[in-house]
Amino acid sequence: MADAVTLNNSALKDLPIDAPRYDRGDVSVGIAHIGAGHFHRAHQAAYINLLLQQGLAKDWGICGIGVMPADWTMRDVLTGQDGLYTLILEHPDGTRGAQVIGSIIDYRYAPDDPESALEMLAAPTTRIISLTITEGGYRDPDGPAFALITEALARRRARGIPAPTIVSCDNIEGNGDVARRTVLAGAERVDPELAEWIGAHAEFPNSMVDRITPATTLEMAAEVRRDFGVDDRWPVVAEPFSAWVIEDTFADGRPPLEKAGVLVVDDVRPYELMKLRMLNAGHQCLCYFAHLCGFEFVHDAAQDPLFAKYLRAYFDNEAIPTLPPVPGIDLHEFGSTLVDRFANPAVRDTVARICAYSSDRIPKFLFPVICDNLANDGPVAMASAAVASWARYAEGVDEWGEPYEVLDRLADALVPIARSQHQNPNAFIEITAVFADLAHQHRFVEAYRWALDSLHTKGARATLEALLQ
């Protein structure tokens, strides 16, 4: 560890692992990315880095934009390391690959210097504004990300600068359409003529992104120093699998993404529905049962034959029947591959990470499957049990009576209501702000009530066993 090379521009030639071969000083910003956290660094930034390695994207470097107070860590690390960081790919057989990514060439932290961030977003050279701000980040058009975008677009219009392409990379059905609505809603309140200009000139392609990426830990940084000889304060770890599908709708040019393996299509909807209703909803099916059974890591739960059988039953019987055909993909094979990906022991994704912010995730990932099956007389037992496992998890006390924190933006309301469901089993699903009218759907309520009662009386594992008999 004492011999580890400190990661920055001056050390690029001395690094013991793959590093940028291109001249980073010759790369200019073409993409401003809001929310340059672990997923963006493992995914979009890695694709742009691959293009830069091929000499294909020198006008498409990335400037990270931090908008949340917690982004100060990323600000300090990326500034101190000249935007460089290590990407570790963890293979299921235990082998690991490491490379230094150099596509983030600038970083602006809006809480400290909003003017600097705004000018980057408004610059004529910034032709794409992309976002990873979590599913909940789209609720408020006046939130920090969209307030910045609205003001930057107003400056562009006033200065005669072309409108950019705004690319949502978050796990939301029709994420580009949702981003468009949110931006236009914020702009309409500022200036209806601005909203009209944005609607006429900006583009908001829908996209699907996929790579399991656990949150960075101090242990990961120590392992990079020990195993690869690189002193990186905040590396990122991911699975080898990666996918990006995006609609070919751009306002002012784009990098040659297809040269990096991105699938550029006319209609992303089949791909995004597959990912949301299988991978993301599959995580939700797994995580609460796993937490209640005492699992700390996703791979340990997914390797358990009972949990693997449950996931396959959900995929095959409930999720896949709601999906349109996906060009080039066998959905049942994709489901089997997902179980294998979840079971990758090297990724070390935590159950706690995918249990967090459930009220933003379950309505977007799992409810559409339930609603489609209710409308078409399809089965709902597996998905309804997942919702019941969330309700049981939201009580904040495990099966051994030990309390734990429920991390959710609605936790203050959800936890007391969940704890009241021993007296009123429908209490949780009667939260109409989350569940809409599901509490009035008889087949869902029947399956949910059975699972919740079993969770209370028999426990999580016995509930899964009975569900799958």
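Small disclaimer: the values here were computed from a predicted structure and weren't measured.
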Does any donor atom in the side chain of K275 or N171 lie under 3.5 Å from an acceptor atom in the other side chain? yes

For the residue pair T86 / D232, report whether a side-chain donor-acceptor contact shorter than 3.5 Å exists. yes

So, for F295 and F307, is the gap between ring centers shorter than 6.0 Å? yes

Which atom pairs, one a donor and one an acceptor, fall under 3.5 Å between side chains of residues 58-70 and the rest of the protein, sequence neighbours left out?
none

Enclosure of Y357 OH (heavy-atom neighbours >12, cutoff 6.0 Å): no

Any non-hydrogen side-chain atom of L7 less than 4.5 Å from a side-chain atom of Q81? yes

Check whether more than 12 heavy atoms from other residues, nucleotides or ligands sit under 6.0 Å from atom CG of D330, and answer yes or no. yes

Just by distance, do the side chain of D142 and the backbone of G186 share a donor-acceptor pair under 3.5 Å? no

Look at atom CG of D23 and say whether more than 12 heavy atoms of other residues, nucleotides or ligands are closer to it than 6.0 Å. yes

F39 and H43 aromatic ring geometry - parallel, tilted or perpendicular at 30°/60° bounds: parallel

Answer with yes or no whether the side chains of H40 and T132 bring together a donor and an acceptor at under 3.5 Å. no

Are R108 and E119 within salt-bridge range, i.e. N to O under 4.0 Å? no

Find out whether the Lys NZ or Arg CZ of R75 is both under 6.0 angstrom from the six-membered ring centre of Y109 and within 45° of the ring's axis. yes

A side-chain contact here means heavy atoms from C-beta on lying under 4.5 Å apart; do C355 and T350 qualify? no

D304 pairs by side chain to side chain donor-acceptor pair (under 3.5 Å) with which of K309, R461, H299? R461

Within the structure provided, determine whether V236 and I88 are in side-chain contact (heavy-atom separation under 4.5 Å). no

Does A123 offer a backbone N or O that forms a donor-acceptor pair with the side chain of R156 under 3.5 Å? yes

Whether T95 side chain and H91 backbone form a donor-acceptor pair below 3.5 Å: no

Do any N or O atoms from the side chain of Y310 and from the backbone of M382 form a donor-acceptor pair under 3.5 angstrom? yes

R341 charged N/C atom sitting above F241 aromatic ring, 6.0 Å / 45°: yes

Taking I128's backbone N and O only, do any of them form a donor-acceptor pair with T165's side chain (distance below 3.5 Å, no angle check)? no

Verify whether one side chain among S242 and Y47 offers a donor that lies under 3.5 Å from an acceptor in the other. yes

Less than 3.5 Å apart, any donor N or O on the side chain of D316 or H332 sitting next to an acceptor on the other? yes

Backbone N/O of A319 and side chain of T322: donor-acceptor pair under 3.5 Å: yes

Mind listing the side-chain donor-acceptor pairs of residues 246-253 below 3.5 Å, one per line with the distance, residues two or more places apart or on another chain?
residue, atom, partner, partner atom, Å
E247, OE1, N206, N, 3.2
E247, OE1, N206, ND2, 3.4
E247, OE2, N206, ND2, 3.4
E247, OE2, V268, N, 3.4
D248, OD1, R254, NE, 3.0

Run the salt-bridge test on E173 and R269 with the 4.0 Å N-O cut-off and return the result as yes or no. yes

Y404/Y393 aromatic ring centres below 6.0 Å: yes

Between E135 and K364, does any NZ, NE, NH1 or NH2 come within less than 4.0 Å of an OD or OE carboxylate oxygen? no

Do the non-hydrogen side-chain atoms of D227 and R96 ever get within less than 4.5 Å of each other? yes

Any Lys/Arg nitrogen of R409 or D360 sitting under 4.0 Å from an Asp/Glu carboxylate oxygen of the other? yes

Return yes if a side-chain donor-acceptor contact under 3.5 Å exists between Y107 and D82, otherwise no. no

Hey, does the side chain of E239 reach the backbone of L89 with a donor-acceptor pair shorter than 3.5 angstrom? no

For a 4.5 angstrom cut-off between non-hydrogen side-chain atoms, does I149 reach T182? no

Could you tell me which residues satisfy ring pair (Phe, Tyr, Trp, His ring centres under 6.0 Å) with Y85, sequence neighbours excluded, listed by chain and number? none

From the list N175, V178, I133, side-chain contact (heavy atoms from CB on, under 4.5 Å) partner of S168 resolves to N175

Kindly say whether the aromatic ring centers of H283 and F365 come within a distance under 6.0 Å. no

Taking I104's backbone N and O only, do any of them form a donor-acceptor pair with R24's side chain (distance below 3.5 Å, no angle check)? yes

Would a distance-only check, ignoring hydrogens and angles, find a side-chain to backbone donor-acceptor pair under 3.5 Å from D408 to S358? yes

